[in-house]
Amino acid sequence: MDSKKTSPKRFYLKWPWNVLVYVLLAVVLRIFAIPLILLLIWWNKKQQPNGPEEGYCLQRTRGRLTGLIPAALLLAGGAICLYFFYLGRTLPGEVARLDDQMRIFYHLCPFLGAGMILIGIFLAYRSLRDALHPEKSALAQSIRDQLPYPDEAPPVQELFAMVDQDLRENGTWCGRLGVGKEWVLGDRVSHISRIRGVFSRMERHTRHAGKRTQVTYLYEIWIVDDRQNQQITSLRSQRELEEAMDCLRRRAPAAVFGTYNSKEYNDLVHAKEEEEQYAQERAYRQRKAQQEEQERQKQAERSQNQVLTLPDGSVTSRVTWEILQQLLLHPGRTGEASPFQLVPGVPFQGEGRAFSRLVCLPGGAGELTRILLEEYSGAPGKPGRYAWTRDLSTAEAEEVLRGWLQGELPSLEGWTKLERSGPTWQRALERREAHPLPPQPNPNWPWALTVGGYSVRASAPAWEDIQEELQELAPDPDSFLILEQREPGNPEHYWFIQCAVAAQGPDQGRYFVEIGCATPSGPRLWERMVPDLQEVLKGFSAAYHHRGLDVSGFREMVI
């Protein structure tokens, strides 16, 4: 990965100046200020690509200032009701001329006005409290409630920092809902280990006014924790709701999932008796233990799908963390060098690249451990051209090795890029590769098949379906096939391979195969001309079955 360039800071409106500017624009321009305010909000967000500078939680509490708008409307409505009643008291003759409905409304005005004013004061107080005193906000209190000892909770800055750091490093955003590895941020905060149920609510409301029919949709996600407390977050679309449910299924697989007001929801929320609550918790722990056992088996299979080359040159496919830990600590005990390497059956994807080998040179007592990650060359058995290396402490090396066993790659920030020079490596020049190779498909993402102009032929297709459709391709602009995959919960991350037959020109009748993917620098596309169908089938089969697609003949296209 090329070294990151630090972009200069640009001007944007910070708190509280952004609020003051928005209010000033609304007062001066009124309704015409809306496009300008939206433009300023977009600009502020663009200047903070890694999240708001003040943090997600503090931004959420400050956003509660929008509650002043309904509060002001309620206060104004209440004042109008009281004023109307006051006029009636001073002009009893006018009251006598009112019809029955208006007279009932007149007598209710003092109660309606007082109620609206009290509600408006409460909303204004809550909005100002959350924005100006975040330590007293409902969001901060929801974080304290998640801790083992809420009374001993740290200051609000540390509370918010815990959630913000998790979301920055591991967060997936589904509209206003942020899901990290430990915390879920919506209108309140939930700790993932305490989530017991997640329910989606989607309702369609129809209102008739004269000859007009107005249809509104309600999209909400309800999260229930182990104390039967509920966090409700409103979303904007059905897609956001589905993405949030999918993301939470991956992060809290042992929780109960369903729809609002379903049997599962009522059983969990309305379990009042102690025996019912105990049964719910016992069922959750059984599901969690089963999920953990399945994950352990998957990790064991992933570990066994690697070949370990030991210091004496022997190889084994029996790879466990205990063996790697002994190799890592061996030089410190004996003083002897014990380099080893791990080669997975399928290259690992990460950082927009594919890696086919890890080499580890453990350090002795007080020395650093050197780890080298070799990039996949694009063809099985062919050595990679580039590699990344770094000297790490024993604890850091353990973390990298544990991740490699699970198919996870470390962040390459701070690592040194190397380029192969004969049998050795040398430091690579900081330049973009002239002809970078396309990455391999991700073995953990599902496949989808698209055939022809707009028809999606299958989801999770079988290889026989793909083979049959490839054989039916014809030299026609509407005849093509796309085999693609997208990251669950994050459709902006994708990889695809597509094929079509040239309809005219010198390459008529030959097959065009293209590979595309999303990278941090934007979408990229590679192309290759394939002379016959058998070569196409071979390439698609290698991609579909994750056997290592030969990408050496592809050239990058300008898009």
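These numbers were taken from a predicted model, which means no experiment stands behind them. These numbers come from the heavy atoms of this one structure, side chains and all, not from hydrogens, waters or symmetry mates.
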C174 and L235: CA distance, side-chain angles, deciding distance, side chain to side chain contact (heavy atoms under 4.5 Å, CB included) verdict: CA-CA 8 Å; C174 308; L235 301 174; 5.6 Å; no
Test log, rule side-chain hydrogen bond (donor to acceptor under 3.5 Å, both in side chains), inputs T233 and Q231: CA-CA 7 Å; T233 301; Q231 180 204 129; 3.1 Å; yes
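A donor and an acceptor atom, one from each side chain of E487 and H493, are located under 3.5 Å apart. With hydrogens and angles left out, the side-chain atoms of S137 and E135 include no donor and acceptor closer than 3.5 Å. Side-chain contact of Q141 with R144: a donor-acceptor pair under 3.5 Å is present, judged by distance alone. Between the side chains of Q238 and E242, at least one donor-acceptor pair of N or O atoms lies under 3.5 Å. For the residue pair W404/Q306, the side-chain donor-acceptor check at 3.5 Å is satisfied.
Applying the ring-ring contact (aromatic ring centres under 6.0 Å, His included) test to residues at least two apart or on different chains, the pairs with a partner in residues 156-178 are Y56-W173. Residue pairs meeting the salt bridge (charged side-chain N to carboxylate O under 4.0 Å, His left out) criterion with at least one member in residues 535-553, sequence neighbours excluded: R528-E535.
R353 contributes no side-chain N or O that, together with a main-chain N or O of F348, makes up a donor-acceptor pair within less than 3.5 Å. In this structure a side-chain-to-backbone donor-acceptor pair under 3.5 Å is present from S338 to L327.
Atom CH2 of residue W415 and atom OG1 of residue T389 lie 7.0 Å apart, to the nearest 0.5 angstrom. If you take CG on L549 and CD1 on I515, they are separated by 4.5 Å, rounding to the nearest 0.5 Å. We find the SG-CD distance between C247 and E240 to be 13.0 Å, quoted to the nearest 0.5 Å. Going from atom CD of E398 over to atom CD of Q325 covers 5.5 Å, rounded to the nearest 0.5 Å. The CZ atom of F355 sits 6.0 Å away from atom CG of L409, with the distance rounded to the nearest 0.5 Å.
In this structure, E375 does not pair ionically with R385, as no charged nitrogen and carboxylate oxygen lie closer than 4.0 Å. With respect to R64 and D130, a salt bridge is recorded, a charged nitrogen being found less than 4.0 Å from a carboxylate O. Salt bridge status for R239 with E243: present, with a side-chain N to carboxylate O gap under 4.0 Å.
In this structure, R420 is positioned above the aromatic face of W425, its NZ or CZ under 6.0 Å from the six-membered ring centre and within 45° of the axis.
Annotation: ring pair (Phe, Tyr, Trp, His ring centres under 6.0 Å) contacts of H546 (sequence neighbours excluded): W447.
Screening I221, L177, V163, V198 against V184 for a side-chain contact (heavy atoms from CB on, under 4.5 Å) leaves a single residue, L177.
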